[in-house]
> 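Here it is, the structure, as structure tokens.
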Protein chains: 2
Amino acid sequence: MTESVRRAVTADERKFAQRCARGRVVVIDDDAEILSALATLLDFEGYACETYPSAPAYLQALSDDRPCFPGPCCVLCDVKMPELDGLELQQRLAALEHAPLLLMSGASGALEAVSAFRAGALDFLIKPIDADVLLQAVVKALAVSLERQRARGRRHDLVARMAALTGKERAVARLAARGRLNREIAVELDIALRTVKLHRQRAMEKLGANSVVDLARIADEGGL
Amino acid sequence: MTESVRRAVTADERKFAQRCARGRVVVIDDDAEILSALATLLDFEGYACETYPSAPAYLQALSDDRPCFPGPCCVLCDVKMPELDGLELQQRLAALEHAPLLLMSGASGALEAVSAFRAGALDFLIKPIDADVLLQAVVKALAVSLERQRARGRRHDLVARMAALTGKERAVARLAARGRLNREIAVELDIALRTVKLHRQRAMEKLGANSVVDLARIADEGGL
DNA sequence: AATTCAATTGCCCCAAGGGGCAACACAAGC
DNA sequence: GCTTGTGTTGCCCCTTGGGGCAATTGAATT
């Protein structure tokens, strides 16, 4: 019996974990039918799907829903909506370094599509939307999202570690990462050779670098 | 008099150099009027402009014109043309890692624009084309071209230098660039420590690296 | 077979990096 | 004033990297 309970729980958990890993798609459209149709499709395909009837509703949810979704995420949004235009939403989201955006529109002209791409939309889907085209776009968008999240995570981590450095340590690490010799660093910063070694050692361990090469990579990625 | 001759020559040269530095724009359109109008505008703005009445004509010129243009370059091409479609040209050029492409079209639907962007076009201009929009797109395209050329140049250079390495030298350089100590490398490759030092030294000078850090960067960029 | 050339290796020396230990200076707090 | 803690420095030792010199080996050439 414990067995069956455990099974039920793990099955649920697994399903949830799978959806998280696959990613979340936020769908925004003022047409309820389309909204539910897209939700059904995406849900069936194993994505964690969230729907909103308008852009403001999503922005509202954004400020509340602080428990951040663990996994890649993209937004699929209709262009023509009464309250807030898809292109306007795009601008607001871009300001937040937000998830990649897919726009969709029925029977629209080239201008809308061009505007969307220029503003950084990942794709522009023309209604009626073909399921394969949609899913392909979602896959790509989530891949981009994942990559961005990873990059941001790495960068965040590095910045945090760099913040633990004192000024001198950072200066020494910077020069060391540029390939300068300890003696050169000592002259340049006008401190004793032994001090350079100390700061260098401290910086290396604070940054988690095992070799000069590691230090160089960290300095590169962390912006010195 | 020598003075005046020299002045005349340098003025010409300077003009040519300026155009090269600004970049070249290849314009392709089957409408002769549009072609000349665009050429006039671009020429006036200081770009080195080249025009072709059809995509095949440009492809033909591509195979002949081997004296490669020294500077950034982009292609501005009409979508609707009798012989070879702009989108088809796009595919062919993409296969050649060619210059960035700007497509233009009159009164076309969203589908064309979307296809263009999906296939990697940098922008899509809708006729009638606004001069400012066009010039802005050209500036961006040439900037992209310049960046690509630089990256390609660096990579080419590095690949050439890497090609000068012997097998062992490359292996040693690879491990050294990963931060391994000489002794570890010796064990891993089953050679004497002194030999590792030799190969390392040779590799460093062949690659033009002054320090381990340089070596690491070169290995990173040159795909090691 | 003799020679030549490149690759590999050992031996040795020097410079640079890593780091322990102790002294010194200086500011903050008792 | 004294203590404490932090930052800096000098001294010394060991390891590692850099490199000159010569011997060895093995293959290619004459």
Side-chain angles (χ1 to χ4, degrees), chain A residues 154 157-224, chain B residues 154-224:
Chain A
R154 276 198 307 268
D157 185 40
L158 286 183
V159 168
R161 280 190 281 182
M162 300 240 324
L165 296 177
T166 69
K168 287 265 179 60
E169 282 167 357
R170 192 174 298 112
V172 169
R174 208 178 85 205
L175 293 172
R178 283 170 137 68
R180 302 281 195 287
L181 298 181
N182 283 344
R183 185 156 32 84
E184 297 172 336
I185 298 174
V187 171
E188 201 154 338
L189 299 182
D190 193 34
I191 53 181
L193 178 60
R194 187 64 185 84
T195 313
V196 174
K197 289 182 180 182
L198 253 200
H199 287 149
R200 182 173 184 151
Q201 178 189 3
R202 294 241 167 82
M204 296 268 290
E205 64 192 31
K206 278 184 184 176
L207 292 176
N210 298 314
S211 67
V212 201
V213 176
D214 281 357
L215 185 63
R217 290 190 213 288
I218 290 175
D220 275 356
E221 202 167 355
L224 240 229
Chain B
R154 276 197 307 268
R155 190 170 184 80
H156 202 73
D157 186 39
L158 286 184
V159 167
R161 280 191 279 183
M162 300 239 326
L165 296 178
T166 68
K168 287 263 178 63
E169 283 166 359
R170 192 173 300 113
V172 169
R174 208 177 85 208
L175 294 173
R178 285 169 135 69
R180 302 282 196 286
L181 298 181
N182 284 342
R183 186 154 31 81
E184 297 172 337
I185 298 174
V187 171
E188 200 155 338
L189 300 182
D190 194 34
I191 53 182
L193 178 61
R194 188 64 183 83
T195 313
V196 173
K197 290 183 180 180
L198 255 200
H199 286 149
R200 182 172 184 153
Q201 178 189 4
R202 295 242 167 82
M204 296 267 289
E205 63 192 33
K206 280 184 183 176
L207 293 176
N210 298 316
S211 67
V212 201
V213 176
D214 281 357
L215 185 63
R217 288 190 214 287
I218 290 175
D220 275 355
E221 201 167 357
L224 146 26

> Measuring from the side chain of A:K168 (C-beta onward, heavy atoms only), which nucleotide among C:dT8, D:dT8, C:dA15 has the closest atom?
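So the nucleotide nearest the side chain must be D:dT8.
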
> Could you work out which one of D:dT16, D:dT9, C:dG18 sits closest to the side chain of A:I191?
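For A:I191, the side-chain atoms sit closest to D:dT9.
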
> For A:R202 and for A:K197, locate the closest nucleotide of DNA chain D by heavy-atom distance; then report the residue assigned to the nucleotide nearer the 5' terminus.
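First, find each residue's nearest nucleotide; the 5'-ward one identifies A:R202.
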
> Take atom CG of A:L189 and atom P of D:dG7, then tell me their distance rounded to the nearest Å.
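Rounded to the whole Å, the gap is 16 Å.
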
> What nucleotide among D:dT15, C:dG17, D:dT9 has an atom nearest to a side-chain atom of A:T195?
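So the nucleotide nearest the side chain must be D:dT9.
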
> Which whole-number value in Å describes the distance from A:L175 CG to C:dG17 P?
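For the pair A:L175 CG and C:dG17 P, the rounded distance is 13 Å.
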
> Starting the side chain at C-beta, find the nucleotide from C:dT9, C:dA16, D:dT9 nearest to A:R183.
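So the side chain of A:R183 is nearest to C:dA16.
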
> According to a strict under-4.0 Å criterion, is A:Q201 in side-chain N/O contact with OP1 or OP2 of C:dG19?
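For A:Q201, the contact criterion (side-chain N or O under 4.0 Å from OP1 or OP2 of C:dG19) is met.
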
> Any non-hydrogen side-chain atom of B:Q201 less than 4.5 Å from a side-chain atom of B:L198?
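Heavy-atom side-chain distance check passes, below 4.5 Å.
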
> Any side-chain N or O of A:N182 less than 4.0 Å from the OP1 or OP2 oxygen of C:dA16?
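Indeed not, no polar side-chain atom of A:N182 lies that close.
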
> Atom NZ of A:K197 and atom CD1 of A:I185: how far apart are they, to the nearest 0.5 Å?
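If we round to the nearest 0.5 Å, A:K197:NZ and A:I185:CD1 are 12.0 Å apart.
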
> Tell me if the CZ atom of B:R178 is crowded by more than 12 foreign heavy atoms within 6.0 Å.
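Check fails, neighbour count at 12 or below.
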
> Any N or O donor-acceptor pair linking the side chain of A:R194 to the base of C:dG20 at under 3.5 Å?
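Answer is yes: a donor-acceptor pair is held.
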
> With DNA chain D as reference, determine whether A:D190 or B:L193 sits nearer its 5' end, using the nearest nucleotide of each.
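Its nucleotide being nearer the 5' end, the pick is A:D190.
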
> If you compare all heavy atoms of B:R161 against all heavy atoms of B:L207, which two are closest, and at what distance to 0.1 Å?
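Closest approach of B:R161 to B:L207, heavy atoms only: NH1-O, 2.8 Å.
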
> Can you measure A:L198 atom CG to C:dC21 atom C1' for me and round it to whole angstrom units?
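For the pair A:L198 CG and C:dC21 C1', the rounded distance is 12 Å.
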
> Drop me the distance from B:N182's CG to B:R194's CZ, to the nearest 0.5 angstrom.
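One finds 10.5 Å between CG of B:N182 and CZ of B:R194.
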
> Taking atom P of C:dA7 as reference, at what distance in whole Å does atom CZ of B:R170 sit?
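After rounding, the reported distance stands at 14 Å.
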
> Does B:H199 put a side-chain nitrogen or oxygen below 4.0 Å from OP1 or OP2 of C:dA7?
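So the side chain of B:H199 is outside the cut-off, no N or O lying under 4.0 Å from OP1 or OP2 of C:dA7.
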
> Taking CE from B:M204 and C1' from D:dG19, how many angstroms apart are they, rounded to a whole number?
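In whole Å, D:dG19 C1' and B:M204 CE are 13 Å from each other.
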
